[in-house]
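Quick note on labels: first sequence line is chain A, next is B, and so on, each numbered from 1. Side chains included, hydrogens not; waters and symmetry mates left out as well; all remaining heavy atoms used.
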Amino acid sequence: MPVEQAYSFLLSILFYMGIYTIVVISLNMEAGYMGLPNFGKMMGVAAGAFTTSFFTWRLALYLHNRLTGEPIVYSDYVRENAMIVSRINEWLSASPGISLLLLLVTLIASLAIGAVIGYIASYPAIRLREDYLGITLLAMAEVIRVIGYNYKPIAGGTLGMQVPDLFRWAGQHRFSVSVLIIVAIALIVYLVYQRMLSTPFGRVLRAIRDDEEAVSSLGRDIVAYRKRVISAGTATAALAGALYALYTGSVIATAYDRVTWTFWPWVMMMLGGAGNNVGVLLGVGVFVIARTTIYTYKNMLEAYIPFNVVWLDYLLLSVTIIAILMLRPQGILPEKPIRTVKPLIRQNEST
Amino acid sequence: MIPPIVEDTIVYSSVLILLSLGLTLTYMTTKVPNFAHATISIVGSYVTLTVLVLSLISLAREALISQADSQSFYRLIKSFSFAPLHYALFMALGFLLGSLIGVAQYKLVLKPLSQRGANVVQLMIATIAVDMFLLSMLNIYADKLLEYVVSKANELSSIAGFKVNLGVQTRDFILYSYDYSKTLGMQRLVIIAPVMAAALLVALSLVLYRTKLGVALRASIENPSLASTLGVNVDKMYTLAWALSLGLAGLAGSLIPLKYLVNPSTGQLFVLSIFAASILGGLNSLAGAVIGGVLIACFEIPVFNYLSSHLGISSAYRTVIPLLAMALTLLFIPRGVARLNWKKLFSRVRR
């Protein structure tokens, strides 16, 4: 039915907008405000997803066995994960309270794990120039993915792993409710970042980007700021990873690749305007709609494109990056200069 | 008889030397780490595959014209092995195509961007865009080449009267059997790769340290403004450096499929080893790049092999090795092995 199709199309756009807003807003703090080349952004997303796949169902299983009289018996928790999760889901569908509690705990755990991973991953190069830091973060992100892919207890290895459905209590409105929750969380993240970055903290970050030496001569510890920003940014991205995993209901390490979770967020940020949070929203909107439309109408596009549509994604990505850098490196909505009170006073004095 | 692990180390370190040498040279000129380096070398791998496909098709056509029956036809196809001319052809073409792409990347992307005042982070993103672009092109090419092979095989089948299968794949391909020499009892690559690497190293150092061109190139790297006041065309020198570097990458890439499984996305993982080798060498020293290449190859193959057979670490974690080497280098000798003050180190050890 076209109405239902349109609704699910809209839902998937909203879902991706929510997820990407969280990722790109945190990237904007790192790269747009502070000038840190985080080419390992997918690291945070993967950290959140892996936290969810590793931790959530084990906790749910524990609660299930504790609260209900009939414990689930299993021998190999990785191989029997699908069976266990489906039984947990049955139980969770009747208990929204516990589902929401699990959601909250999962998100907090993801934040914590993300912060730790961001700290560790950037540690070797945190004192070095941007190019070293960029290479290191890119490599670290790849390693996290390799570990997630090969160490079975984290995400089931090559087969992936099921995640308990914490939205099942909503019944037939499961997808609408989960998207609503994700969009709400994205909005909260946006507001928190917008607030946080318009304080002196945000101005220090911009100052570090523009002139590190000047800032350090004024007594600010640049390395400490870098550490703080990478940890916070990775933690925030982990939030998105956890939500993504919970919404899709499973985690497989191959889904967390550089293109989807590092380079696309970069393009979204660059198009909208690095250093401008409203611009970031715009960039996210444009590309989520474009990509979802391409993905949905893949079959129709095939008639017009002389190659497999899958590669269109990479092409679009690369061409957009070069075009933005050549034509409008500041993005559609450029960063606004900071308004301080002093010049106003001076103006008043002169008039 | 050389043990396979030694063969592997010899070939891998030769390839890695050529690649990290090029990466270091481009970094020294434009001061931007080129994330597209590994993918450009995979373009070289596809040159080799194309040479193979064309040779196989012409061989098959000749065999069918001389009325070969299916048994003798397949014996002929199976016994096909690269001749010296083939090696020369794909190495030369790989070099040429690599250097063409390198010059295009420098002239069309990096130079215009830096003239517009792009910062290091933006230039890094631009190289990522080039990487993505080439990745999509390689994928499209792999599809098209497969279509071509299938259509040619069908054409030949209709001539032959039996089903012709050339046994060629364009993804996950390895050309081991075409390189194996029965008289030597091993792959020719085991001799070719180190000889090529050594010859190119000697040639490069002769050019850099014994010719006027080399002096001009080194001067442009050390102090571009001084060099240009002395009449050196710095831009020309940088173009030359990019052509040379990515030519080496294309050449190295043309050898990769003879021993390793190649995909369009092989470069995405390979790039970590190349960066690790260059960083281990200090990113600013050609001698360091060579040492780094050998060291990383030794860490990745014999050392890791020892670890995995004695400690039971899965071989899938090999990707972690270059990263670990990179992280340790950045933590303890951020200027690389080439800049180590050996005298100081030894005196400290003696004490």
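- If you measure heavy-atom distances from B/Gln268 to chain A, the contacts under 4.5 Å come from both the backbone and the side chain.
- Taking B/Ile128, B/Val109, B/Leu123 one by one and counting their heavy-atom pairs under 4.5 Å with chain A, the maximum is reached by B/Ile128.
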I would like to know whether A/Tyr123 and B/Leu331 meet side-chain contact (heavy atoms from CB on, under 4.5 Å); could you show each step before the answer? CA-CA 8 Å; A/Tyr123 189 80; B/Leu331 280 175; 3.8 Å; yes

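- For a residue to count as touching a neighbouring chain, one of its non-hydrogen atoms must lie under 4.5 Å from one of that chain's; by this rule A/Val267 does not touch chain B.
- Contact of the A/Ile135 side chain with the B/Met326 side chain is registered, since non-hydrogen atoms from C-beta on lie closer than 4.5 Å.
- Considering only heavy-atom pairs separated by less than 4.5 Å from chain A, the leading option among B/Val120, B/Leu324, B/Ile279 is B/Ile279.
- For A/Arg127, no part lies under 4.5 angstrom from a heavy atom of chain B.
- Contact annotation: the side chain of A/Asp131 approaches that of B/Tyr27 to within less than 4.5 Å [non-hydrogen atoms, C-beta and beyond].
- Proximity to chain B involves both the backbone and the side chain of A/Leu315, based on heavy atoms less than 4.5 angstrom apart.
- Proximity to chain A is limited to the side chain of B/Asp143, based on heavy atoms less than 4.5 angstrom apart.
- Proximity to chain A is absent for every atom of B/Ala118, based on heavy atoms less than 4.5 angstrom apart.
- The contact between A/Leu325 and chain B is made by backbone and side chain atoms together, counting heavy-atom distances below 4.5 Å.
- Looking at A/Met270, only its side chain comes within 4.5 Å of chain B, counting heavy atoms on both sides.
- Contact of A/Ile147 with chain B is made through backbone and side chain together, with heavy-atom distances under 4.5 Å.
- When the candidates A/Trp266, A/Tyr149, A/Phe39 are compared by the number of heavy-atom contacts under 4.5 Å with chain B, A/Phe39 comes out ahead.
- The greatest number of non-hydrogen atom pairs below 4.5 Å with chain B, out of A/Val319, A/Val259, A/Leu138, is found for A/Leu138.
- Atom OH of A/Tyr132 and atom CG of B/Leu283 lie 4.5 Å apart (nearest 0.5 Å).
- Contacts of B/Ser314 with chain A are absent, with no heavy-atom separation under 4.5 Å from either backbone or side chain.
- Between chain A and the residues B/Thr319, B/Ile125, B/Leu135, the most heavy-atom pairs under 4.5 angstrom are made by B/Ile125.
- In this structure, the side chain of B/Arg116 does not engage the main chain of A/Pro329 through any donor-acceptor pair within 3.5 Å.
- Minimum interatomic distance between B/Leu113 and A/Met326 (heavy atoms only, all atoms of both residues): CD2-N, 4.1 Å.
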For B/Asn139 and A/Asn308: C-alpha separation, side-chain torsions, deciding distance, then whether side-chain contact (heavy atoms from CB on, under 4.5 Å) applies. CA-CA 9 Å; B/Asn139 272 306; A/Asn308 195 330; over 6 Å; no

